[in-house]
Asks: 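I'd like to ask you about the structure that follows.
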Amino acid sequence: MTYKIAPSILNADFSNLRKEVEAAENGGADFLHLDVIDGLFAPSISFGPAVIESIRKHSNLIFDVHLMIQNPDRYIPDFVKAGADIISVHAEGNHHLHRLVSQIKDHGKKVCVALNPATPIDSIKHLIVEVDMILLMTVNPGFGGQPFINSVLPKISELRQLIESKNLSVDIEVDGGIMPKEAKLCKDAGANVFVVGSYIYRHSEVEEKRKAISEIRKAFSI
Ligand code: DX5
Ligand code: ZN
């Protein structure tokens, strides 16, 4: 199993976005987690394809685009064009989820289905063979800097058992409130991709950001 760190720029300094993205890359990140929020699916409004396209040419990171928007099928081509490598869509609110997953794969991109904290694993058990990753929200969507929801931990283990029972190599991404302690708990439960936002971007200094990334990596390597 390979472990990956995905800094989320939701709490980054948007007036310095290129530098913030470079700091993540130079700090040893694997993915860049890009939270697209429309203010309808989840509260707060973040950014769209144009911002992603503007940073795409300045980064070699894998762009992990997390769509917290209503009717994401309308915008898949735009996010593909903007440079997304992985597109995550929520199980909640998407009545034709299999069709949406197929649409992303038809564009040649990796596909991930995201579940809010209260949504059971059962909701995606018939889709698990179709996806590259499952994102388990460990906060309620909409904002960075929220506390980790411990009750998601057994859900991580349940999902890892489901994946192993079918001999699949599906990544489990955890997203929200992840700091070193939570990264270790989630790793022990079966997660292998860690979205980290404010723990990294609460620092203004590049060196501090780099240290935060290495603390997370150390936490799940022990
Ligand atoms: C919340 C987003 C998360 C969030 C993570 O809706 O999906 O990716 O930005 O930020 P932290 O690590 O600060 O909880
Ligand atoms: Zn996210």
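Numbers here are sequence positions counted from 1. Just so it is clear, the structure is predicted and the values come from calculations on it, not from any experiment. Indexing begins at 1, ligand by ligand and atom by atom, following the structure's order.
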Asks: Please output the side-chain donor-acceptor pairs of residues 72-80 that fall under 3.5 Å, not counting sequence neighbours, one pair per line with the distance.
Replies:
unit_1 : atom_1 : unit_2 : atom_2 : d
R74    : NE     : N71    : O      : 2.9
R74    : NH2    : Q70    : O      : 2.6

Asks: Heavy atoms only: give me the nearest I213-A24 pair and the separation to one decimal.
Replies: CD1-O, 3.8 Å
Asks: At what distance, to the nearest 0.5 angstrom, does CG of L32 lie from CD1 of I9?
Replies: 5.5 Å
Asks: Please determine whether a side-chain nitrogen of the Lys or Arg among D188 and R160 lies less than 4.0 Å from a carboxylate oxygen of the Asp or Glu.
Replies: no
Asks: Does at least one non-hydrogen atom of N11 fall below 4.0 angstrom from an atom of ligand 1?
Replies: no
Asks: Please classify the S8 to ligand 1 contact at 4.0 Å (heavy-atom distances, strictly less than): side chain, backbone, both or neither.
Replies: side chain
Asks: Between E208 and K211, is there a side-chain N and carboxylate O pair less than 4.0 Å apart?
Replies: yes
Asks: At less than 4.0 angstrom from any non-hydrogen atom of G177, what atoms of ligand 1 do you find?
Replies: 11 (P), 12 (O), 14 (O)
Asks: Looking only at heavy atoms, is any part of Y199 under 4.0 Å from ligand 1, and if so is it the side chain, the backbone, or both, or is it neither?
Replies: neither
Asks: Check K155 with E158, please: is the shortest side-chain N to carboxylate O separation under 4.0 Å?
Replies: no
Asks: What protein N/O/S atoms lie closer than 2.8 Å to the Zn ion (ligand 2)?
Replies: H33 NE2, D35 OD1, H66 ND1, D175 OD2
Asks: Can an N or O of S198 be found at a distance shorter than 3.5 Å from an N or O of ligand 1?
Replies: yes
Asks: Can you check whether D35 has an N/O within less than 3.5 Å of an N/O in ligand 1?
Replies: yes
